[in-house]
Amino acid sequence: PPLYDAYQEYLRGLELFGMDYEQAVRYFVRAVELDPTFTQANLYISVAYGNQGQYEKANDLLQAVLRSRDELSPLENRMLDWWDANLNGQTEKALRFLREAEKLAPDQYMIKYLVGLYALILNRPRETVKTYAWMDSRDPRIYFTRPATAWWFEVLADAHHMLGEYGKELKVAEQGENYFPKTMGFPAAKARAFAALGKIGEVRKVIEGCVDADATSGTPGGVMMEAARELYAHGHRDASREMADMAIAWAESRPEAEKKTEASQSFYADALYQAG
C-alpha cells in the first residue's frame with residue numbers, strides 16, 4: 001500500500017478528477033513525490049493528460065512507469081497495459097487487459113466501470129449492462145460520492161439507449177440525477193429517451209426544468225440539442241426544429257465573451273445545421 005500522506009493527496013486528486021484536471025494532477029504529483037512507488041497515482045496523471053488530449057505527455061509518463069514494471073503487482077501491470085493499448089488505439093486489446101484486471105480485482109469499482117465503458121465503445125452494449133449489474137448488490141451511496149462517478153450512470157444510460165430500452169434508460173437517468181443534480185447529462189438522457197418514445201410533451205418538460213439550472217457539467221443548450229437530434233432520428237421533424245430553434249436562441253443569449261470561444265461557436269454552428 002502507498003504511504004498514508006501520499007494516499008491523502010491521491011484522494012484529493014480523485015475528488016477533482018473529471019472536473020478540474022489541472023488541480024487533480026497537482027495532487028497526484030504530490031502523492032508521487034511523497035511516495036515514488038505509488039503507481040496508481042502515476043497512472044491517474046497519465047490518464048488525466050490523455051483525457052485532455054495531451055497524448056504525448058500521457059505516453060511519456062506511462063513509458064517511464066513501465067520501465068519498472070518488474071517491481072509491480074500483476075494488477076498494476078494489467079492496468080498499465082490497458083492504458084498503453086488505449087493510447088495506441090487498440091480498443092479490443094485494452095478491453096482484454098481490463099477483463100484480466102477484473103479477474104484479479106473482481107470488486108474494484110473503477111475496473112468495472114472501465115470494462116463497461118470499453119464494451120460500449122466496441123458496440124457491445126449488452127456487455128455493458130451485464131457488467132454494471134454488479135452494482136445491484138452494492139450500496140450505491142458508497143460509490144457515487146465523487147463527480148466523475150456520474151459517468152457510470154451516463155454510460156449505462158447510453159447502453160440502454162443503444163439497445164432500444166428507453167424505459168430503462170429513463171430509470172438510470174433519474175437515478176443519476178438523484179446523486180448528481182447539477183449534471184446536465186441526465187436531463188439530456190431523459191430528453192433523449194422521451195424523444196425516442198415519441199413523448200414530445202415530456203421532452204418539453206425536461207427542457208423547461210433545466211433552462212435555469214445551476215449546472216456544473218453540461219449545459220441546457222446541450223439538452224436541447226440532444227432532444228433535437230433524437231426527435232429528428234425518430235421522424236419528428238417539426239418537434240426537432242422546435243428544439244433546434246431553442247438551442248439557437250440559447251446560444252445567442254450567452255455572454256459576448258462566451259460566444260467568442262471555439263466551443264460556443266461550434267455549438268452554435270451545430271444548432272444552425274440541425275435547424276436547417
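A side-chain donor from one of Asn59 and Gln63 sits under 3.5 Å from a side-chain acceptor of the other. Side-chain atoms of His161 and Glu230 form a donor-acceptor pair, as typed in the model, at a separation below 3.5 Å. Neither side chain, Glu169 nor His160, offers a donor N or O lying under 3.5 Å from an acceptor on the other. Thr261 and Ser264 share a donor-acceptor pair across their side chains, judged by distance under 3.5 Å alone.
Taking the six-membered ring for Trp, Tyr7 and Tyr10 have ring centres closer than 6.0 Å.
Note: Phe38 CZ to Arg30 CZ = 13.5 Å, rounded to the nearest 0.5 Å. Annotation: the span from Thr216 atom OG1 to Met19 atom CE amounts to 4.0 Å, rounded to 0.5 Å. Thr91 OG1 to Leu122 CG: the interatomic distance, rounded to the nearest 0.5 Å, is 5.5 Å.
For Glu252, the CD atom sits in a packed shell: over 12 heavy atoms of surrounding residues, nucleotides or ligands are nearer than 6.0 Å. At most 12 non-hydrogen atoms from other residues, nucleotides or ligands lie less than 6.0 angstrom from NZ of Lys182. When the shell of 6.0 Å around CD of Glu258 is examined, it contains more than 12 heavy atoms from other residues, nucleotides or ligands. A 6.0 Å sphere centred on CG of Asp107 holds more than 12 heavy atoms belonging to other residues, nucleotides or ligands. Within 6.0 Å of CG on Asp136 lie more than 12 heavy atoms contributed by other residues, nucleotides or ligands.
A salt bridge links Glu177 with Lys190; the closest basic N to acidic carboxylate O contact falls under 4.0 Å. Ionic pairing of Glu242 and Arg237 is not present here: no N-O contact between side-chain nitrogen and carboxylate oxygen is shorter than 4.0 angstrom. The residues Asp84 and Lys93 are annotated as not salt-bridged, no charged nitrogen and carboxylate oxygen being separated by less than 4.0 angstrom. A salt bridge links Arg99 to Glu127: one of the charged nitrogens lies within less than 4.0 Å of a carboxylate oxygen. Here Lys205 does not pair with Glu208 in a salt bridge; the nearest charged N to carboxylate O distance is not below 4.0 Å. Looking at Glu9 and Arg12, a side-chain N of the basic residue comes within less than 4.0 Å of a carboxylate O on the acidic one, giving a salt bridge. Salt-bridge formation is detected for the pair Asp81/Arg69: a Lys NZ or Arg NE/NH1/NH2 atom is positioned less than 4.0 Å from an Asp or Glu carboxylate oxygen.
By the 4.5 Å heavy-atom criterion applied to side chains, Phe17 and Asn51 are counted as neighbours. For the pair Leu80 and Thr39, the minimum side-chain heavy-atom distance is below 4.5 Å. In this structure, Met79 and Leu114 have side chains that are in contact, with non-hydrogen atoms separated by less than 4.5 Å. Here the side chains of Met110 and Tyr44 are in contact, with some heavy-atom distance below 4.5 Å. Side-chain contact between Trp83 and Leu87 is present, with heavy atoms from C-beta onward closer than 4.5 Å. In this structure the side chain of Met225 never reaches within 4.5 angstrom of the side chain of Met243, judged on heavy atoms. You'll find the side chain of Met224 stays beyond 4.5 Å of the side chain of Thr219, heavy atoms only. Side chains of Ile111 and Leu75 form a contact here, defined as non-hydrogen atoms less than 4.5 Å apart.
By the 6.0 Å and 45° rule, Lys57 stacks over the aromatic ring of Tyr49.
Judged purely by atom type and a 3.5 angstrom limit, Thr131 has no side-chain atom pairing as donor or acceptor with the backbone of Val115.
Under the 4.5 Å side-chain heavy-atom criterion for Ile, Leu, Val, Met, Phe, Trp and Tyr, Val25 and Leu16 are members of distinct hydrophobic clusters.
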Exercise for the section: Please assess Phe267 against Trp250 for the test ring pair (Phe, Tyr, Trp, His ring centres under 6.0 Å), listing each intermediate value before the final yes or no. Expected result: CA-CA 10 Å; Phe267 176 87; Trp250 181 85; 5.5 Å; yes
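Between Trp134 and Tyr109, the ring planes are tilted. Angles from 30° to 60° get that label.
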Can you give the donor-acceptor pairs under 3.5 Å from side chains of residues 144-157 to other protein atoms, not counting sequence neighbours?
| from | atom 1 | to | atom 2 | distance (Å) |
| --- | --- | --- | --- | --- |
| Arg146 | NE | Glu15 | OE2 | 3.4 |
| Thr149 | OG1 | Arg146 | O | 2.5 |

